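All values derive from a computational prediction rather than experimental measurement. These values consider heavy atoms only, across backbone and side chains, with no hydrogens, waters or symmetry-generated copies.
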Amino acid sequence: METALRNLPRFGYRICLDQPAVLETKSAPVEAGSKPSSPGSAILSARAAVAARKWQDAAAAFAEADAAGELLTADLEEWSLALECMGQPTEAIPFLTRAVTEYGVAGERLRAASPAVTLARIHLERGELAVAKGWHKRAAQLIDSATGSREHGLWCWMGARLMGAEAEPEQALAFAEQAFKVGKHLEDPVVESLGLIYRGFFKLCLGETKSGQEDQDFAAALGLSSDIDPVVGGILYCNILWSCRNFGDWARANQWTSGYENWCKGHGLENLSGSCRLHRAEVLGIHGTLKEAEVLVRAALDQLALDAPWATGDALRVLGDIHLAAGNFAEAETAYRASHAAGWDPQPGLALLQLEQGQAEAAFSALERSLVGNGWPTLQRRGLVLATLAKVAARTDRLERAREVIAELEKEPLRWPMASIRALTAQAKAELFMRENRLAEAARELQLACSCWTEIGSPINVADARLSLAALLIQLGDRIGAELELGSVMAVATKVDSPRLMRRYEELKDLLSDAPKTAVGGA
């Protein structure tokens, strides 16, 4: 009875009793490659460590138990889980492969499908799409006609991820929908939440913003309030944070980050994965904590090289954005170039850097290229890229193109309701109105942008909008208004230690000292 209560990976707690002997002369069958467990054995220590979420202890005990021939096939999955929770998914691959083989030899083909799906996921996250597709097909073969099973639900969820990687968002959405239905029918929170989180993800990609956000938020709440393993919890969190980052939904990102970090501590995950560090780094950068953000993204780069090399380009993009915010233009350019070399599109940050460097034409061309394609990064970042493109189009006197892009953003307010997109659109309209000599209207748009960035809690972006507003107020002759805006900018520049903001502040301060000493409306 000491070994009867087991915590099986992704199945929860189960009572596992020995099979009764058919004949008195024959002992109960024991799973191939295992020995009966005795009190104090390594395998019991390993299982106890898993139950206590002591992942390093579990991995060490599983290795000892394996050498002693004590492992059941299910233990291989738990060993793999411990390794993943330690941030070592690659080391789990041979044990998952063994599990697929051993389940198959034992005639448990359906159970073999679960580690096959896990292998597909790990290889996909390593950027090995062909290998991932191979394991996904192997899982389909093992599932066969059991289309109402838990394994089939996981297979559909993995199919959604593969279709997304192949730039087929409509097919990906269909797979995710099927996974959700299977999970809901089985009342399985793991399958249901995974299907739901990716249904939301691909709805967002296809422009169904409100419904997609609702799916994601509910999926996270469902998963994090159920008995799910830390790997699934990490997938749910990463999916939401990924979407928030690419859509500029910073307020929502910050809310989920706080809750998830507390959940991690309760599940033995003291060290965040490379992806989690990356998500957190960009959120910190948006909120003006630049030095901490840089340290975190560099730590993420080291870890991503091991567990998710495909995301290295994204991490380099975030590093470029952090350097750009601080005003370290040479370092920003180096990071953006490295991001591009890693196969990533470092927009719209690179275009904003080019604007700072006086390369507006190059910025315009690069942003136009970013809108080409149907991949999920392009679909998700479309709002951010469009808003920046409108600003650059106006800056380069392509006024008709600027109006066209602004119209696209404003005709679908439900697709891009995020405060950041509204702020960027307002700044683009201000740029356009200034070119059309509609200065009072431009000032109102910049005030709206300041309000939106303040709502998000992004002091650097607020300061940028205030700098533009101060320059415009100087042009309008509103000296007092300009002084108020510049005073706020100086406070931010000092707090976040941004030489770029300080340089621009000094330039406008000098311009203000030469301006007429009158203000709009008298005084």
Side-chain angles (χ1 to χ4, degrees), residues 248 250-251 285-290 321-322 324-329 348-349 352-353 355-356 358 360 387-388 390-392 394-395 402 406 418-523:
W250 302 114
I286 287 294
H287 291 293
T289 316
L290 299 181
D321 289 349
I322 293 168
L324 175 60
N328 303 323
F329 295 157
L352 293 173
L353 172 64
L355 275 186
E356 292 278 358
T388 309
K391 177 180 178 178
V392 176
R395 186 76 61 87
I406 291 169
M418 300 81 178
S420 65
I421 304 297
R422 287 187 281 119
L424 290 168
T425 303
Q427 287 172 277
K429 290 174 72 174
E431 192 79 35
L432 174 63
F433 290 160
M434 284 188 279
R435 295 283 168 169
E436 296 174 337
N437 202 32
R438 298 159 61 184
L439 302 187
E441 292 173 81
R444 285 195 292 271
E445 292 298 331
L446 289 172
Q447 287 175 317
L448 174 60
C450 289
S451 177
C452 290
W453 287 123
T454 300
E455 174 187 334
I456 292 169
S458 180
I460 293 176
N461 283 299
V462 173
D464 276 324
R466 290 192 185 283
L467 285 168
S468 297
L469 181 56
L472 183 55
L473 292 175
I474 292 171
Q475 190 175 349
L476 286 168
D478 187 348
R479 179 185 180 86
I480 294 176
E483 286 177 339
L484 285 171
E485 300 301 333
L486 288 178
S488 297
V489 170
M490 184 179 69
V492 172
T494 302
K495 182 177 179 180
V496 304
D497 191 22
S498 172
R500 177 182 66 85
L501 292 177
M502 191 59 74
R503 284 195 299 268
R504 183 62 175 147
Y505 164 81
E506 295 292 348
E507 290 170 3
L508 289 178
K509 193 70 175 176
D510 290 343
L511 183 61
L512 182 61
S513 65
D514 296 332
K517 299 192 176 188
T518 58
V520 173

Looking at [atom1] of [X] and [atom2] of [Y], how far apart are the two atoms once the value is rounded to the nearest 0.5 Å?
| X | Y | atom1 | atom2 | value |
| --- | --- | --- | --- | --- |
| E485 | L469 | CD | CG | 4.5 Å |
| L324 | R500 | CG | CZ | 6.0 Å |
| Q475 | L511 | CD | CG | 9.5 Å |
| E356 | F329 | CD | CZ | 4.0 Å |
| L446 | S451 | CG | OG | 12.5 Å |
| R395 | E431 | CZ | CD | 4.0 Å |

Testing the basics here: between [X] and [Y], what is the closest heavy-atom pair and its distance to 0.1 Å?
| X | Y | result |
| --- | --- | --- |
| D321 | G349 | OD1-CA, 3.6 Å |
| A387 | L424 | CB-CB, 3.5 Å |
| L501 | D464 | CD2-OD1, 3.6 Å |
| P348 | T388 | CB-OG1, 3.4 Å |
| A394 | R435 | O-NE, 3.4 Å |
| A470 | A482 | O-CB, 3.8 Å |

Report yes if some heavy atom in the side chain of [X] is under 4.5 Å from a heavy atom in the side chain of [Y]; otherwise report no.
| X | Y | answer |
| --- | --- | --- |
| N461 | I286 | yes |
| I460 | L290 | yes |
| L439 | M434 | yes |
| T494 | M502 | yes |
| E483 | L512 | yes |

(message) Quick check against the 3.5 Å criterion: does T454 have a side-chain atom that pairs as donor or acceptor with the backbone of V462?
(response) no

(request) Ignoring hydrogens and angles, tell me if any N or O in the side chain of S458 forms a donor-acceptor pair with the backbone of W453 under 3.5 Å. (result) no

(request) Take E506 and R503 through the salt bridge (charged side-chain N to carboxylate O under 4.0 Å, His left out) test and state the conclusion after the steps. (result) CA-CA 5 Å; E506 295 292 348; R503 284 195 299 268; over 6 Å; no

